[in-house]
Amino acid sequence: MSEALLDIKVHRKDFGATQVLQNVQVRLHPGEIVSLLGPSGCGKSTLLRIVAGLEHDYSGELQHTSEQVAFVFQEPRLMPWLSVERNVGFHDDKAFDAAWVAQLLTEVGLSGFAQALPKALSGGMAQRVAIARGLYSHPRVLLLDEPFSAVDAFTRMKLQDLLLDLAHRHHIALLMVTHDIDEALYLSDRVLIMGNRPSSVRQELIVDLQHPRDRRDPQLAALKAQSLTELHDAQVF
Amino acid sequence: MAVPSKPLAGAEPQRKGGLRPRWPAHLKGWLVPVVIVALLEITARSGLLPPYQMPAPSDVALTLFDLAHGALAKHVLASLLRVLLGFAIGASLALVFAAWVGLSREAEAYLEPTFAGLRAIPSLAWVPLLLLWLGIDETSKIVLIAIGAFFPVYVNGVAAIRDVDRRLVEVGQMYGFSRRRLIWRILLPASMPGLFTGLRSGLSMAWMFVVAAELIAATKGLGYLLSDGRETSRPDIVLAAIIVLAVLGKLSDGLLAGLERRWLHWRDTFSGQGNGA
């Protein structure tokens with residue numbers, strides 16, 4: 001396989017007296033979609049924040065072969081005083097690349113909303129804008145922290161398909177944190193299952209199914225049973 | 001629980017509020033003052049209240065009319081200039097210090113205790129000192145107004161910066177923004193609503209302190225007009241000055257409120273319930 005875009009080794013990460021991560025290793029290859037699946041508080045979001053450079057206080061190594069890493073947060077986190085297009089091109093302020101922003105807005109299905117303010121958007125629409133903002137900087141890797149956890153189930157399925165489409169179209173590798181087993185299996189090439197803290201990767205599930213996948217595929221159901229067993233063994237529930 | 005069903009076809013469309021007349025919103029606000037003025041007019045005309053204590057509203061209106069053709073412009077201009085100058089000085093200093101203390105924990109550690117201490121002093125307590133140091137001319141008045149305007153702007157400014165959503169700041173950090181860029185692109189715009197709250201209450205403090213300063217020592221200004229009316233037993237002049245102060249205060253606040261609406265139209269806030277406004 002080609003050289004990894006990301007190679008993360010975290011030996012240890014503490015929050016005060018609590019150790020959240022222990023010997024976690026994650027590699028991400030070009031075009032690959034990897035999910036970190038685990039219970040809340042297991043440190044999977046922390047791991048993502050370490051990769052994004054938002055957490056500095058940890059022991060371990062982080063290797064990027066590409067500087068082009070973007071982040072999509074759990075909430076849209078749009079600047080409420082800026083229009084949708086200015087939010088997408090936020091990195092470049094007024095000098096944003098208007099043509100590229102317009103293309104991205106079309107791709108996420110919001111072409112008519114360039115001038116709208118975030119307060120006029122629904123939760124799902126706002127998250128589409130956030131994804132477009134993530135893609136604006138032409139990343140090779142997109143990090144996503146439970147990006148669809150705040151939207152309803154139908155919107156979530158639509159956004160998942162949108163994300164797959166965008167990742168494929170722009171050849172972007174995704175590293176996604178989720179606690180939704182179905183989401184992890186439907187989207188990913190590999191699912192890394194994490195246990196309670198101090199957590200590490202307990203198991204790696206390879207989802208060797210072609211895209212587009214069928215959500216009703218019995219193989220997905222079998223993999224789901226397998227991950228549930230693993231999570232149960234990890235005393236996650 | 002049983003929920004009474006709505007009457008169906010044929011039923012009269014029921015108006016919410018039943019028999020109460022529905023007034024346009026801008027008329028509702030006039031009701032209370034008009035009733036009060038009418039009552040005052042009746043009481044004063046009937047001789048229940050002596051005119052040297054409570055003149056009839058119509059007399060106050062006449063006095064106001066006379067003043068408007070005489071010295072009123074001079075007094076208004078004097079007070080207005082003091083407020084503008086004092087507010088400009090006080091508010092700009094407050095914005096500078098609020099930004100400094102709000103953005104830097106170091107500055108907060110050094111400065112905030114001092115400001116908290118100074119804030120505990122009722123601003124009018126500075127008056128004797130200002131008179132001693134700066135005399136009774138313009139400077140002492142402007143300084144007093146500046147002190148009055150300073151604290152609301154400062155306190156609200158610091159709070160506004162500290163209230164900025166950390167999650168928005170993280171978006172900038174993720175882009176690797178420099179500190180300067182974080183301030184200009186995220187912290188400043190995000191704290192605008194709080195800054196405006198501070199500026200508006202600072203401006204109303206400025207009006208309060210211009211009156212205080214002019215009551216104490218002045219030869220012109222609306223505060224002087226108030227004290228002149230008292231000394232010459234002319235409650236109509238006092239009331240006329242009060243009305244002018246109210247109008248000026250409202251107009252200047254309206255100006256800031258207009259700017260606020262214009263610049264902060266992006267806010268997604270609760271605007272009250274019912275059909276009142």
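Within every chain, numbering begins at 1; the chains are lettered A, B, ... in the order of the sequence lines, protein sequences first and strands thereafter. On a predicted model such as this, the values are computed, not experimentally measured, just so you know.
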* Asked: Pick from E170(B), M174(B), Q173(B), R185(B): which one has the most heavy-atom pairs with chain A under 4.5 Å?
  -> R185(B)
* Sort out for me which of G53(A), P118(A), P80(A), A52(A) touches chain B most, counting heavy-atom pairs under 4.5 Å. => P80(A)
* Structure fact -> When the 4.5 angstrom heavy-atom criterion is applied to R267(B) and chain A, the contacting part is backbone
* Asked: Do the side-chain N and O atoms of Y136(A) and D92(A) include a donor-acceptor pair separated by under 3.5 angstrom?
  -> yes
* Asked: Checking salt bridge (charged side-chain N to carboxylate O under 4.0 Å, His left out) for the pair E112(B)/R105(B): CA distance, chi angles, key distance, verdict?
  -> CA-CA 10 Å; E112(B) 176 54 26; R105(B) 291 209 162 274; over 6 Å; no
* To do: Tell me, for R49(A) versus chain B, whether the close heavy atoms (under 4.5 Å) come from the side chain, the backbone, both or neither.
  => side chain
* Structure fact -> So CG of L105(A) and OG of S111(A): to nearest 0.5 Å the spacing works out to 7.5 Å
* To do: With a 4.5 angstrom heavy-atom cut-off, could you sort out which part of F90(A) is near chain B: side chain, backbone, both or neither?
  => both
* To do: Please state whether the side chain, the backbone, both or neither of L264(B) comes within less than 4.5 Å of a heavy atom of chain A.
  => neither
* Given K44(A) and E146(A), is the salt bridge (charged side-chain N to carboxylate O under 4.0 Å, His left out) satisfied, shown in steps? -> CA-CA 10 Å; K44(A) 54 195 189 318; E146(A) 298 184 22; 3.5 Å; yes
* Say whether E61(A) and H11(A), considering side chains only, have a donor N or O and an acceptor N or O under 3.5 Å apart. => yes
